[in-house]
Amino acid sequence: MTRQPLNLLDHLHQTILQFLNPFTASLSQARQAHAQILKTGLSSDTNLTTKLLSLYANNLCFDDANFVLDSISEPNLFSYSTLIHAFAKLNQFGHALGLFSQMLSRGLVPDSFLFPSVVKACAGLPASKAGKQVHAIASVSGLASDSFVQSSLVHMYIKCDQIRDARKLFDRVPQRDVIICSALISGYSRRGYVDEAMQLLSEMRGMCLEPNVVLWNGMIAGFNQSKLYADTVAVLQKMHSEGFQPDGSSISSALPAVGHLEDLGMGIQIHGYVVKQGLGSDKCVVSALIDMYGKCACSFETSQVFHEMDQMDVGACNALVTGLSRNGLVDNALKVFRQFKDQGMELNIVSWTSIIASCSQNGKDMEALELFREMQVEGVEPNSVTIPCLLPACGNIAALMHGKAAHCFSLRRGISNDVYVGSSLIDMYAKCGKIRLSRLCFDEMPTRNLVCWNAVMADMQCMERLMKLWSQKGLTDEGWYYFNSMSREHGLEARVEHYACMVTLLSRSGKLEEAYSMIKQMPFEPDACVWGALLSSCRVHSNVTLGKYVAKKLFNLEPKNPGNYILLSNIYASKGMWSEVDKVRDKMKSLGLRKNPGCSWIEVKNKVHMLLAGDKAHPQMNQIIEKLNELSSEMKKLGYFPNTHFVLQDVEEQDKEQILCGHSEKLAVVFEGREISVRDTNLFHHFKDGVCSCEDYW
DNA sequence: ATAGGGTTAG
């Protein structure tokens, strides 16, 4: 009679065990089994509870896992190990460490199997203090000589940016294996220590150790990450020449470097290898190939590789979009993006960010804003990469409200501290004429890299344009202060764009000679930005002699930029040298260059309106013109006459008046009673209460 | 239980 219930229990036990099969069980089965266990009082069965723990952990059900752990009267090392291993594997490092400390406080002693997972958790966070403590505990437990523990510790120190501790530990290991060497070599590679990595690789020979594929791949990925592109490719070649077959992982880590180097020959060779080895079905390899051809300016091959794919892949689609826009084919990029979407392709955050970046980098700012909205409608959340791709579009068209919305989003999502987000905010606010907000963003950035110095230097340029401090030494001094402190206090080398900013600051305040001598002393060839800055100051200060000289330099550097011709002709015009003006205009005509039409944008009720000079395309154009005429006659009644002196063209007075009234700025001003930002060929004007921030200087 | 885990967006 006593056997019957035991059999029943046995049967139940078997059923629950089946439900808890780690390979087949679903979360709901785990919950059912859990309920059964509780009902039948099987909680003391360690076999069952451990399986349950592992299932909950693998499904990231922290609360359930903790509940089970608490219900075990005497949780042992095995219970904790199960959970910690699972969490470490699933990148739930905080949970893993929390359980580890709980386990220690219960007086349980970890074994050599548990330590690697715990150390991995410290590496993953990374948490260097905890890592050191765990190291100490391992030493006290006498387990620090275990090779698994040692390898994981080396990895942890590298992740915590403590290369010297990693090396110290490595040096004390008597019996080194491939794995611990691989950990250190990959660490060196990721931090850009090429010599140390290569040295250790050759030392392995002396230890009778052969590198394996994982080691090679770690080196390739590491060098690529350190932007040491030539070294990346060199390692791939070395690997191959030493008789190792690069796998998909090797190829997809090396291809970005080939692209950066624009080494098409190497790219084609690798493509051949991919085909030969049958790696063509590897999605990462294919995407990387498409990207490589895109970077090497081979639009045809980019599309070809894409179309030869046997299976659609979102990564490859993204690479194609970027590849097309990189080669001046934005419209094609937009077209294929639309096709992908219409085909029901699962577009991810990279897809949306790519197309937004393509637009904002190619003068399609309104489209970028629209796509950003569309993306959110589709339920895709922007991230810290999306924002810096979008913000230039806001800045370009002074879409302040959109920019502010992106700023608020960044604050809510806790990504405003990201150095790229911060830099693009600085830039966006400066371009919208919001200097104080721009500076606020700069001051609040916790870390500053080259990108944000670029932004703040550009910001200085805007300030110089927008403030009244033209000739006072204050702003120039501030510029010098930033310029010098960049290298002195932050160890960043001034680059050509920083020189361009200083040239602007100096030349705008009238120190044209000082600016020119700075250009001559630059440690590298001055580019078009530098000369352009000087030329536009020559225009401000009507300096014909220097202007003529600078323009010549610019015509050589960028013969197709109409802006330079316009500037020079304006310099002549400001001195009434109309025959010289005609010469420049004739030159432009013979080169087939045309002045880009003036363009204004205005945000009304969160919608951006674009107004092109001389363009009648705006749907409300009739009302706008009516209102303009109304304003004009009202202004004239109050004693205002269009100042035709500012029309730098040798035309009849009446035409000048016409030209002035057709200005896109005027068109935007019709939306009166608001803050208005307008941009001419080289700066933004910010109107508030009818007063322009440039104080009518321009 | 230890090293790499790759591609496409700034």
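Below, chain A is the first sequence line, B the second, and so on; all start at residue 1.
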Across the strands shown, which category fits [X] at heavy-atom distances under 4.0 angstrom: base, sugar-phosphate, nothing?
{"X": "A/D282", "value": "base"}
{"X": "A/N212", "value": "base"}
{"X": "A/S147", "value": "base"}
{"X": "A/S81", "value": "nothing"}

Integer-rounded Å distance: [N] [atom2] and [X] [atom1]:
{"X": "A/L324", "N": "B/dT8", "atom1": "CG", "atom2": "C1'", "result": "13 Å"}
{"X": "A/F337", "N": "B/dA9", "atom1": "CZ", "atom2": "C1'", "result": "12 Å"}
{"X": "A/K159", "N": "B/dG5", "atom1": "NZ", "atom2": "C1'", "result": "12 Å"}
{"X": "A/I415", "N": "B/dA9", "atom1": "CD1", "atom2": "P", "result": "18 Å"}
{"X": "A/W352", "N": "B/dT8", "atom1": "CH2", "atom2": "C1'", "result": "16 Å"}
{"X": "A/L391", "N": "B/dA9", "atom1": "CG", "atom2": "C1'", "result": "14 Å"}
{"X": "A/N91", "N": "B/dG5", "atom1": "CG", "atom2": "P", "result": "12 Å"}
{"X": "A/L255", "N": "B/dT8", "atom1": "CG", "atom2": "C1'", "result": "12 Å"}

For [N], does OP1 or OP2 lie under 4.0 Å from any side-chain N or O of [X]?
{"X": "A/R176", "N": "B/dT2", "result": "no"}
{"X": "A/Q361", "N": "B/dG10", "result": "yes"}
{"X": "A/H155", "N": "B/dA3", "result": "yes"}
{"X": "A/K120", "N": "B/dT2", "result": "yes"}

Can you find a donor-acceptor N/O pair under 3.5 angstrom joining the side chain of [X] to the base of [N]?
{"X": "A/S287", "N": "B/dT7", "answer": "yes"}
{"X": "A/S253", "N": "B/dG6", "answer": "no"}
{"X": "A/N383", "N": "B/dA9", "answer": "yes"}
{"X": "A/D418", "N": "B/dG10", "answer": "yes"}
{"X": "A/S182", "N": "B/dA3", "answer": "yes"}

Proximity to the side chain of [X] - top-ranked nucleotide from [options]:
{"X": "A/I179", "options": "B/dT7, B/dA3, B/dA1", "result": "B/dA3"}
{"X": "A/C284", "options": "B/dT2, B/dT7, B/dT8", "result": "B/dT7"}
{"X": "A/S384", "options": "B/dT7, B/dT8, B/dG10", "result": "B/dG10"}
{"X": "A/R190", "options": "B/dG6, B/dT8, B/dG5", "result": "B/dG5"}
{"X": "A/F148", "options": "B/dG6, B/dA1, B/dT7", "result": "B/dA1"}
{"X": "A/V385", "options": "B/dG5, B/dT2, B/dA9", "result": "B/dA9"}
{"X": "A/C389", "options": "B/dT2, B/dG10, B/dG4", "result": "B/dG10"}

* Qualifying salt bridge (Lys or Arg N to Asp or Glu O under 4.0 Å) pairs, either residue in residues 212-241 of chain A, two or more places apart -> A/K238-A/E242

* If you look only at pairs with a residue in residues 244-264 of chain A, which of them pass as a salt bridge (Lys or Arg N to Asp or Glu O under 4.0 Å), with sequence neighbours excluded? -> none

* To do: Evaluate whether atom CZ of A/F78 has more than 12 neighbouring non-hydrogen atoms of other residues, nucleotides or ligands under 6.0 angstrom away.
  =>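 Counting neighbours around CZ of A/F78, 12 or fewer heavy atoms of other residues, nucleotides or ligands fall under 6.0 Å, so no.
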
* To do: For A/H85 and A/F113, run ring pair (Phe, Tyr, Trp, His ring centres under 6.0 Å): C-alpha distance rounded to whole Å, both residues' side-chain angles, the deciding distance at 0.1 Å, then the answer.
  => CA-CA 9 Å; A/H85 287 316; A/F113 286 78; 8.1 Å; no

* To do: Applying ring pair (Phe, Tyr, Trp, His ring centres under 6.0 Å) between A/W352 and each of A/F340, A/F372, A/F337, report the one that passes.
  => A/F337

* To do: Verify the distance criterion only: is there a donor paired with an acceptor across the side chains of A/N217 and A/S250 at less than 3.5 Å?
  =>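 Judged by distance alone, the side chains do pair up.
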
* Would A/K341 and A/E374 satisfy salt bridge (Lys or Arg N to Asp or Glu O under 4.0 Å), going step by step from the backbone distance to the final call? -> CA-CA 11 Å; A/K341 196 179 171 220; A/E374 192 182 334; 2.7 Å; yes

